[in-house]
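So that we are looking at the same thing, I have put the structure below in structure tokens.
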Amino acid sequence: MGKKLVALTGDRPTGKLHLGHYVGSLASRVQIQEDHRQFVMIADAQALTDYAHEPERVRENILQVALDYLAVGIDPKKTTIFIQSMIPALPEMMMYFLNLVTWNRLKHNPTVKAEIQQKGYGEEVPAGFMVYPVSQAADITAFKADVVPVGEDQIPMIEQTVELVRKFNRMYRTDVLVEPKVVLSKVARLPGTDGREKMGKSLGNAIFLADSPDDVAKKVKGMYTDPNHLRVEDPGKVEGNPVFTYLDAFASDRIKVEELKAHYQRGGLGDSVVKKYLLDVLIAFLDPIRKKREELAKDPGSVMDLLREGTCVANDVADTTLKQMRQAMGILYF
Ligand code: ATP
Ligand code: MG
């Protein structure tokens, strides 16, 4: 049997995880851990690139994100879960990578550009935020990840990482760094409840894995649909209608979903009926996750212990890679 492929992914502890995370990344992580060497990182240092003023928010959400992981079935016996800022090799690797990328290249990263606009930074963007794709390149390469299962917004980050790996290996005549590949999930970008193209934890348009049935009901009721579907008898649009996108992602009864779509497009099917069905589907999906999460939340000490153990393992791996890099660069002095 050959060596297991390595997978690395992460989440910023800026809030609890939501349905977008589930379909975009968590679901594949649960699969991948069965036959990969998987690392999952809680990216607190990256969260501080735009939440430096709210360190307590970042700190508190480390536990929340870890609870979400465990509740969806990421198994710490199969997956190494760790905290980014406790791995000192990562910022050191980033320093060496920063010399291999131009400022101009960083300015043209489409995801970063969109986020700068969304956060209203203009020219006053924190330098740490501007260079977070390089920090991500360090995260991915430190663990020699072969695959990175992520949502669509992360494609430019992986492209940046591949460029850095190639440049590093070529410049220092080595093969220590591994080129990662993106693995996109079935739903690479789940829209928000407000119809915006991405559900985001900082965007106020998310249904969280930890939401109570009442919260989910309120959010589904208030969901954006087809704005031109004014009367029940009017024909409605299914494309770009997040209610149907969510049904596609979470309903197992495909026939029923196709029937609803056809009926909606013909006219005569009210938004409230489709939303009621979506609510049933989401409650059935979220119920076991929320219950498991509540159980685990009773013992936060054990969850932190798991993170400490994972971080210890991750540190050894990252230190080894850093040493190999320094050796390749000829700067491992003693
Ligand atoms: P923030 O607004 O703080 O950036 P976020 O909701 O974008 O939060 P991240 O922690 O940045 O979440 O992303 C973690 C992972 O989840 C990434 O792989 C990302 O592609 C994926 N992801 C996040 N939102 C979605 C979504 N709406 N659809 C699909 N994948 C998503
Ligand atoms: Mg994000």
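When a ligand or atom number is given, it counts from 1 through the structure's own listing order. In this text the structure is predicted, and so the values were computed from the model without any measurement.
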Donor-acceptor side-chain pairing of Q64 and R293 below 3.5 angstrom: yes
Distance from atom 2 (O) of ligand 1 to nearest protein heavy atom, with residue and atom: S202 OG, 2.8 Å
Selected option - heavy-atom contact closest to atom 30 (N) of ligand 1, from G20, P191, S185: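 When every heavy atom of G20, P191, S185 is considered, G20 comes closest to atom 30 (N) of ligand 1.
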Parallel, tilted or perpendicular, as decided by the 30° and 60° cut-offs, for the rings of F129 and Y121: perpendicular
Among K218, K16, H18, K219, the one residue meeting side chain to side chain contact (heavy atoms under 4.5 Å, CB included) with D211: K219
Numbered atoms of ligand 1 (with element) below 4.0 Å of D153, judged on heavy atoms: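 Selected atoms, number and element: 19 (C), 20 (O).
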Atoms in ligand 1 with a heavy atom of G200 nearer than 4.0 Å: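 Within the 4.0 Å cut-off of G200, ligand 1 contributes 6 (O).
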Of V165, T161, L164, V131, the residue whose pairing with F97 passes side chain to side chain contact (heavy atoms under 4.5 Å, CB included):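 With F97 as partner, V165, T161, L164, V131 yield a single side chain to side chain contact (heavy atoms under 4.5 Å, CB included), made by L164.
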Protein heavy-atom partner closest to atom 28 (N) of ligand 1 - residue, atom, separation in Å: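 Checked against all protein heavy atoms, atom 28 (N) of ligand 1 sits closest to L190 N, 2.8 Å.
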E115 to ligand 1, any heavy atom closer than 4.0 Å: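 Contact check E115 vs ligand 1: negative.
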Short N or O distance, R29 and ligand 1, threshold 3.5 Å exclusive: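 No, R29 has no N/O under 3.5 Å of an N/O on ligand 1.
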Residue Q154 vicinity, atoms of ligand 1 by number, heavy atom under 4.0 Å: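 Ligand 1 atoms under the 4.0 Å threshold to Q154: 17 (C), 18 (O), 20 (O).
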Under 4.0 Å to a heavy atom of V150 - the qualifying atoms of ligand 1, by number: 18 (O)
Between F168 and Y96, ring centroids under 6.0 Å: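 Centroid separation for F168 and Y96: 6.0 Å or greater.
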Candidate with minimal heavy-atom separation from atom 13 (O) of ligand 1, of H21, Q118, R196: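 It is H21 whose heavy atom sits nearest to atom 13 (O) of ligand 1.
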Atom 7 (O) of ligand 1: nearest protein contact (heavy atom, Å):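 The closest heavy atom on the protein side is K198 NZ, 2.5 Å.
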Closest protein heavy atom to atom 4 (O) of ligand 1, given as residue, atom name and distance to 0.1 Å: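 That would be R12 NE, 3.1 Å.
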N or O pair under 3.5 Å between V23 and ligand 1: no
I74 and V72, any side-chain heavy atoms less than 4.5 Å apart: yes
Minimum-distance protein heavy atom relative to atom 9 (P) of ligand 1: K201 NZ, 3.5 Å
Side-chain donor-acceptor contact under 3.5 Å, Y51 with S202: yes
Close approach of G192 to ligand 1, heavy atoms, under 4.0 angstrom: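 No.
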Test: K256 cationic atom under 6.0 Å from Y277 six-membered ring centre, within 45° of axis: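 Cation-pi check for K256 and Y277: passes.
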Ligand 1 atoms in contact with M199 (distance to a heavy atom under 4.0 Å): 24 (N), 25 (C), 26 (C), 27 (N)
Residue pair T14 / R57, side-chain donor-acceptor N/O under 3.5 Å: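 Not at all, the side chains of T14 and R57 share no donor-acceptor pair under 3.5 Å.
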R37 charged N/C atom sitting above F39 aromatic ring, 6.0 Å / 45°: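 Checked: cation-pi criterion met.
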Which residue and heavy atom of the protein sit nearest atom 3 (O) of ligand 1, plus the separation: T14 OG1, 2.7 Å
Which of the ligand 1 atoms, numbered from 1, are nearer than 4.0 Å to a heavy atom of G24: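 Taking each heavy atom of G24 in turn, ligand 1 has 29 (C), 30 (N) under 4.0 Å.
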Short side-chain donor-acceptor distance under 3.5 Å, Y224 and N205: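 Distance-only check fails for N205 and Y224.
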Heavy-atom nearest option to atom 14 (C) of ligand 1, drawn from V187, D11, T9: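 Checking each option, the heavy atom nearest atom 14 (C) of ligand 1 is found in D11.
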